[in-house]
Amino acid sequence: MNFNPAVIAMRNATAVKFERFIASVVNDAALIAQMPGDKGYRPRLDKIAHRFCRVFNVSLTEIRSQRRDSEVSMARQAIYYWAWRLTELSSSQIGRRMGNRDHTTVLYGIRTYRRKRAAMGRNLRELRRAAQ
């Protein structure tokens with residue numbers, strides 16, 4: 001276990017960013033669910049990407065670039081995960097739209113995002129239940 005104060009601070013800051021994003025998604029879903037004739041909340045990939053760019057303070061150009069620093073790669077993996085969960089796009093389609101990446105890169109990002117969320121002690125279903 002790494003007890004470096006800088007690493008702990010970075011993990012805490014990342015956790016706060018995720019909480020803000022989840023809260024905004026839950027809020028949007030609740031507002032849309034109240035609309036007449038709603039068939040469910042299906043955000044587009046560009047909306048998901050713009051939200052994560054705002055939360056992580058990175059540009060869409062950086063997300064689509066080859067940069068591999070922690071902020072950009074964490075945002076990219078989160079975009080992969082949420083796009084895969086909330087849209088009807090395949091991993092190949094997500095990869096093509098996110099910088100012409102291979103579908104296996106997207107699948108790896110999804111798995112990595114899940115592991116990072118679990119390591120932070122964040123359970124997405126518990127957050128969703130608490131918001132209801």
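One is the number of the first residue; the rest follow in order along the sequence. Here the structure is a predicted model, which means the values were calculated and not measured.
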### Query
When rounded to the nearest 0.5 angstrom, what distance separates CZ in Arg101 from OG in Ser92?
14.0 Å
### Query
Just how far is it from atom OG of Ser73 to atom NZ of Lys116, taken to the nearest 0.5 Å?
5.0 Å
### Query
What residue among Trp84, Trp82, Tyr108 forms side-chain hydrogen bond (donor to acceptor under 3.5 Å, both in side chains) with Tyr113?
Trp82
#### Entry: Minimal non-hydrogen separation, Ile48 against Ala83, with atom names
CD1-CA, 3.8 Å
### Task
Could you please spell out the steps behind the side-chain contact (heavy atoms from CB on, under 4.5 Å) verdict for Thr105 and Tyr80?
CA-CA 9 Å; Thr105 303; Tyr80 292 161; 4.3 Å; yes
### Query
Is there a side-chain contact (heavy atoms from CB on, under 4.5 Å) between Ile110 and Arg85 once you walk through the steps?
CA-CA 10 Å; Ile110 292 167; Arg85 288 283 311 269; over 6 Å; no
### Message
Is it true that, when you exclude Asp69 itself, more than 12 heavy atoms of the residues, nucleotides or ligands shown sit nearer than 6.0 Å to its CG?
### Response
yes
#### Entry: Atom pair CZ (Arg117) and OG1 (Thr112), whose distance is rounded to the nearest 0.5 Å
14.5 Å
### Query
Got Arg97 and Leu89 here, is their nearest side-chain heavy-atom distance under 4.5 Å?
yes
### Message
So, taking the atom named OH in Tyr81 and the one named CG in Leu86, what distance separates them when rounded to the nearest 0.5 Å?
### Response
8.5 Å
### Query
Got Leu45 and Met98 here, is their nearest side-chain heavy-atom distance under 4.5 Å?
yes
### Query
Listed by chain and number, what are the salt bridge (charged side-chain N to carboxylate O under 4.0 Å, His left out) partners of Arg44, not counting sequence neighbours?
Asp46
### Query
Nearest heavy-atom pair of Pro43 and Thr87: which atoms, and what distance?
O-CG2, 3.1 Å
### Task
Grab the two heavy atoms, one from Val106 and one from Ser91, that are nearest each other, plus how far apart they are.
CG2-O, 3.6 Å
### Query
What distance separates Ser59 OG from Arg54 CZ, expressed to the nearest 0.5 Å?
14.5 Å
### Message
I need the Ile79 CD1 to Arg64 CZ distance, nearest 0.5 Å.
### Response
9.0 Å
### Task
Please answer whether the main-chain N or O of Arg67 pairs with a side-chain N or O of Arg76 as donor and acceptor at a distance below 3.5 Å.
yes
